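Notes to accompany the following structure.
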Amino acid sequence: MSSDAAESYKKSKDSDAGSNNAHNNQSESQKPGDNAERNKSNKNSNESQGNCYCGKDRNLNIAELLCASCNRWFHESCIGYQLGKLVPFMTNYLFICKNCSPTGLETFKKNQAPFPQMCLTAIANLRQETVKDGSNRVLFSKDREIIPYIDQYWEAMTTMPRRVTQSWYATVQRALIKDIQVLFTYEEDANQGPMFGLYNMELTAIKPNYEAMIKQGQLKVTDMGIATSKLN
Ligand SMILES: [Zn+2]
Ligand SMILES: [Zn+2]
């Protein structure tokens, strides 16, 4: 793929995703006129909104879920619903918090994650581990780190049954290569072989694409807020 084609593909992906943080920051920086005014109002709205029931900041070291309705992040440990196994930086779920739910009960549903999503989640977690331990690496070995991560956390990452053969190793490789310069960065290391990182390094921007779910009819906007089309 030429870099122009990759760029326009990325742009169309970005607009599909509606708003990720990088995108927002970019459009904000394009209108520098009333910075002071906007910073002030951002600060106020952040203060009044907060995240989670506990009101504390995001914690990238634990699993957190984004509410489809109020767009706030909730810590796994603060959620009453039995979530099952999760890892941080998942995007294949729907969550509605207690405050937004007409019944006062949380809604949570995990979906199958396509391989590109699993790769993204794996690399984001590998990256965050190196932020935590101070080694601060951005590229990770496909064979020694990314595939073993997915293998270890398969059941947490997706509802797709675990594959019995290793043929999915090749699927991971294809997913990573297909989205170089879109989702992933790539470098060949003489010792470690193919290494991949995240194209958008902003880990806080990794979230479910609720806008697309609304378009596809998996979610509907009602007078009461956002609801799943089939509650179970
Ligand atoms: Zn909390
Ligand atoms: Zn909510």
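Since we're looking at a predicted model, the values are computed, not measured. Whatever order the structure lists them in is the order used to number ligands and atoms, beginning at 1.
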Mind listing the closest non-hydrogen atom pair of Pro148 and Asp143 along with its distance?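 Nearest pair, atom of Pro148 first, then Asp143: CD-O, 3.3 Å.
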What's the atom name of the N, O or S in His75 nearest to the Zn ion (ligand 1)?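 Sorting the N, O and S atoms of His75 by distance to the Zn ion (ligand 1) puts ND1 first.
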We want to know whether Asn92 and Gln112 form a side-chain donor-acceptor pair, criterion being a heavy-atom distance below 3.5 angstrom.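 There is no such pair between these side chains.
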Short side-chain donor-acceptor distance under 3.5 Å, Thr91 and Gln117: yes
Which angle, to 10 degrees, forms at the Zn ion (ligand 2) with SG of Cys67 on one side and SG of Cys100 on the other?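 That angle is 110°.
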To 10 degrees, how wide is the angle SG (Cys54) to the Zn ion (ligand 1) to SG (Cys52)?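 About 110° at the Zn ion (ligand 1).
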Under 4.0 Å between a side-chain nitrogen and a carboxylate oxygen: does that hold for Glu145 and Arg137?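 Yes, Glu145 and Arg137 are salt-bridged.
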